[in-house]
Amino acid sequence: MHPNRLTIGRNPDNDLVLQHPMVSNHHAILHKTLRGLLLEDVGSSNGTFHNHQRLTPKTPTPIQLGDVIMFANQVALDWKHPILIQWINLPYEELLPQKSPFQSRSVFTFDIVQGKKTHYTIGRDNTNDIVITHPRVSRKHAEVFQSEGQWVLRDLQSTNGTFVDGKRITESVITPQNQIVLAGNLVQLFAVKEAPQLLEQERIKSGRATIEVKNLSLTVTNQGHSKTLLQDITLAVGPSEFVGLIGPSGAGKTTLMLAINGELQPSEGNVYINGINLHKNLEIFKGLLGYVPQDDIIHRELTVEGSLNYAIRLRYPDLNSDERKQLLEKTLKELDLTASRNVPIGTPEKKGISGGQRKRVNLAQELVADPLVMFLDEPCSGLDPKSDADVMKLLRKLADSGITVVLTTHNITEKNFRYLDKIIVMAEGGMLAYYGPANQVCNYFEVSEPEQIFEKLKTQKSSYWKEKYKTSTFFQTYVHQPLQQWSQYKQTPSGVVAPTPKKTDDSKQVEVLIERNFEVKFRDTLLTAILLFQAPIIGLLIALVFSGVEASPTKPFPMVTPLFLLVISAIWFGASNAARELVGERAIYQRERKVFLTVGTYLFSKVFTLSILNLIQCILLLAITYGSCDLSGNWLGLLGVLFLVSLCGTALGLLISAISSTVAAAMAFIPIMLIPQVVLGGLMVTLNEMNGLVKVLAAAMPSRWGFEAVMAIADRAVEPIQTAQATSSLTETFGLKSGNLWLDIGALVIWLVVYLEITLKLLKKK
């Protein structure tokens, strides 16, 4: 071994031998110079990576002790290797890397056994005994202490939870055999000395995530007929790999992706992320598996910076402003969005950023969570060739930075394949036809161009391609061998149970959601203006028709019809304002729900935002009609009832929005909802003229209770009418009772709660 030169590769004549099929025979050289260490790739097939950046071949690059070095993006340089320590001639303690803010690692190791302390605090703040600088970790996250000779781990009401063996805990006795996860970070509190486990830790630190798919099958049953969507899929996706998923339409590409990322529960088989069963421990990976569907799921009214800022605030409620700014700037820079930060995202009608930039913003929404794996469904769909290439380069960069990237694509050109490490080829019937290096897939299928693969698949039955791959050297090299290797280090405990969800800080969520709702409304000026102008337009119309109408024998109370129309208008305001809200951002809701969002806070934020809009509309409506239509009764009392009625309309609108499939369907439903309010409200047919069944139906209408309430308020300021038969008050003329005001208000509140409760349950189902 040369004192200033260390050769690395798969061939036995190297100083440091790495037995991995992706490592070249002579892969790289470490140089020791007066300037420090230099790393040189000697022209390897699959590259050498320094801190997740691929080195230029034959170009020595300065490195520091403890930097992340990956060979072929598969094998990490083990700084603890005896040969390396002997060659550098420094004790291992001096090789440890320095911590940097928000470093991306999946394993943190701390020795709490040999120290003299019996109590340690764990968290992001530097005042803790054990500092884990990751944005998902709370400032004061947990503590570990000795009690009666045992070590006890206690969660300190952290935002993202403390897990022991897959179960979210408040307090638990721990041993070196337990698997401990803090906010998605695997933490080894008892320092391990055995080499295999140390090597595994270094591997995960560098690449962060391995995906093991074992015998995955999915069968669905519809009307008594079963259909197999996935059939016996086995894969091994390594750390930092960029994997493409292709296949003809209906082959199960998206289904496989959704099964691997936890969206779909397989009928058979298992998926493991870093050795942890995904589907049995979804709570552990909440926010750590990013998923970007084909459609853009962002508020297009917001600017790029505003959209990301809200995403960061919702995901990390306990970050201070400096930490949020640091994470925002880092994300904008990584995705090359800094120049577009103040540009609105835009819509087809109102142009903003480009299609390629919108894809980056979608990526950024997930990237701020620092995911282990990023799943993308057709990220280049609809993009021009340049934007397509830009997105693929960006994804390649993300993979090189340590994030495993898996995407489905129909753009299977040779140019795009150059960015990919591996390719998954699906055949019809959900069968695996190939998994291996992207640059060898054409040779495997004996075609000259990637586009010809689909035609080749048609030449044989899917079962043929499945069996051919299972018996190939590709399966042995890229599936069987990695699964065997990773199983040596697996620390998955037996009997892992589903974690118990922890209550989040609802107040911070509500604050951010309300602020975002108001900004979206403010920036969508046209729609907001239309909604606000409804009130003065309807008010002026009512005033025009009913102004100056005097009492007569046939109409002793001319104010009754205007009062009824005010109630109907208030219901209309609330319902039309709310009908778009839930269905229009359903995809956003579903994405945020998977990560951090609680349903109650989401619904409350909508009700609060819309209530302000309702209040403005009711004030404008009453201000225009009160004097012009010669209305009687307490002005504030009438406003209060109209506002409460509008809230009932809002709740009905949200309910309609929750059950509708599109915005158009929701808006079409509003008139259907409004007609019963008019017919059963108590004006067209008075309450005392209704039969029993109709009265029951009327009791379910907010208009019936709102009409009686405004009539009761007005009745107090109107003299009864003396007729030959009897003395009639305003309310009694219509079969109503002036003494029922508080009953009416109570009924409106009850229906408001009922509508919101039904909406809440529907949202939870979605």
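Just so you know, residue 1 is the first one in the sequence shown, and it goes up from there.
Between the side chain of Thr601 and the backbone N or O of Thr598 there is at least one donor-acceptor pair closer than 3.5 Å. Although no hydrogens or angles enter the test, the distance criterion places no donor-acceptor pair under 3.5 Å between the side chain of Trp705 and the main chain of Ile745. The backbone N or O of Asn277 lies less than 3.5 Å from a partner atom in the side chain of Asn281, making a donor-acceptor pair. Looking at Ser646, its side chain never comes within 3.5 Å of a backbone N or O of Phe573 through a donor-acceptor pair. The closest donor-acceptor contact from the side chain of Ser628 to the backbone of Ser547 lies at 3.5 Å or more, if one exists at all. Using a distance-only test at 3.5 Å, with no hydrogens or angles considered, a donor-acceptor pair links the side chain of Tyr316 to the main chain of Val368. Remark: the backbone N or O of Ser657 is paired with a side-chain donor or acceptor of Arg586 at under 3.5 angstrom. With hydrogens and angles disregarded, a donor-acceptor distance shorter than 3.5 Å links the side chain of Tyr589 to the backbone of Leu763. Between the side chain of Asn160 and the backbone N or O of Arg136, at least one donor-acceptor pair lies under 3.5 Å. Without hydrogens or angle criteria, Asn740 side chain to Leu743 main chain gives no donor-acceptor distance under 3.5 Å.
Partner of Glu585 under the side-chain hydrogen bond (donor to acceptor under 3.5 Å, both in side chains) criterion, chosen from Gln590, Arg580, His299: His299. Gln617 pairs with exactly one of Asn614, Leu620, Ile619 by the side chain to side chain contact (heavy atoms under 4.5 Å, CB included) rule, that one being Asn614.
Looking at heavy atoms from C-beta onward, Leu230 lies out of side-chain contact with Pro266 at the 4.5 angstrom threshold. Residues Ser307 and Ile345 are in side-chain contact: their nearest non-hydrogen atoms beyond the backbone lie under 4.5 Å apart. Looking at heavy atoms from C-beta onward, Phe608 lies out of side-chain contact with Val510 at the 4.5 angstrom threshold. Under the 4.5 Å side-chain criterion, counting only non-hydrogen atoms from C-beta, Leu314 is in contact with Arg516. The shortest distance between side-chain heavy atoms of Cys629 and Met559 does not fall below 4.5 Å. Under the 4.5 Å side-chain criterion, counting only non-hydrogen atoms from C-beta, Leu697 is not in contact with Met701. Using a 4.5 Å heavy-atom threshold, the side chains of Leu513 and Leu597 count as touching. Looking at heavy atoms from C-beta onward, Arg591 lies in side-chain contact with Asn362 at the 4.5 angstrom threshold.
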Worked check of side chain to side chain contact (heavy atoms under 4.5 Å, CB included) between Ile568 and Ser703
CA-CA 6 Å; Ile568 297 300; Ser703 60; 3.9 Å; yes

Given Asp377 and Thr408, is the side-chain hydrogen bond (donor to acceptor under 3.5 Å, both in side chains) satisfied, shown in steps?
CA-CA 5 Å; Asp377 192 6; Thr408 64; 2.6 Å; yes

Step by step, would you call Glu519 with Tyr310 a side-chain hydrogen bond (donor to acceptor under 3.5 Å, both in side chains)?
CA-CA 11 Å; Glu519 184 168 352; Tyr310 285 122; 2.5 Å; yes

Output, in order, the C-alpha distance, side-chain angles, deciding distance and verdict of side-chain hydrogen bond (donor to acceptor under 3.5 Å, both in side chains) for Glu268 and Ser217.
CA-CA 5 Å; Glu268 297 178 17; Ser217 296; 4.5 Å; no

Candidate pair Ile537 and Leu540, rule side chain to side chain contact (heavy atoms under 4.5 Å, CB included), full reasoning
CA-CA 5 Å; Ile537 291 172; Leu540 289 171; 6.0 Å; no

Given the rule in the ring pair (Phe, Tyr, Trp, His ring centres under 6.0 Å) test, do Phe564 and Phe707 qualify, once you have shown the distances and angles that lead to the verdict?
CA-CA 6 Å; Phe564 182 76; Phe707 181 46; 5.2 Å; yes

List the steps and the verdict of side chain to side chain contact (heavy atoms under 4.5 Å, CB included) for Thr759 and Leu582.
CA-CA 10 Å; Thr759 306; Leu582 303 183; 3.8 Å; yes

Give the C-alpha distance, both sets of side-chain angles, the deciding distance and a yes or no for side chain to side chain contact (heavy atoms under 4.5 Å, CB included) between Glu757 and Val754.
CA-CA 5 Å; Glu757 185 64 30; Val754 169; 5.8 Å; no

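Within the model, atoms CG of Leu756 and CG of Leu652 stand 9.5 Å from one another, a figure rounded to the nearest 0.5 Å. Rounding to the nearest 0.5 Å gives a distance of 12.0 Å between CD of Glu689 and CE of Met684. With rounding to the nearest 0.5 angstrom, the CZ atom of Phe533 is 13.5 Å from the CD1 atom of Ile538. Atom CG in Leu363 sits 5.5 Å away from atom CG in Leu376 (nearest 0.5 Å). A distance of 5.0 Å separates CG of Leu615 from CZ of Phe643, quoted to the nearest 0.5 Å. Summarising the geometry, atom CZ belonging to Arg704 is positioned 11.0 Å from atom CG belonging to Leu680; distances are rounded to the nearest 0.5 Å.
Pairing each heavy atom of Thr159 with each of Arg168, the nearest pair is O-NH2, 3.3 Å. Of all heavy-atom pairs spanning Leu639 and Leu622, the tightest one is N-CD2, 3.6 Å. Residues Gly352 and Val343 come closest through the heavy atom pair C-CG1, 4.2 Å. The two residues Pro562 and Leu631 have their closest heavy-atom pair at CB-CD2, 4.0 Å. Across every non-hydrogen atom of Ile542 and Leu565, the tightest pair is CD1-CB, 3.9 Å. Between Ile670 and Ala575, the shortest heavy-atom distance links the atoms CD1-O, 3.7 Å.
Not a single side-chain hydrogen bond (donor to acceptor under 3.5 Å, both in side chains) links Trp751 to another residue, sequence neighbours left out.
Between Glu366 and Arg315, at least one side-chain nitrogen of the basic residue sits less than 4.0 Å from a carboxylate oxygen of the acidic one, meeting the salt-bridge criterion. Salt bridge annotation for Lys521-Glu581: present, with a cationic side-chain nitrogen under 4.0 angstrom from a carboxylate oxygen.
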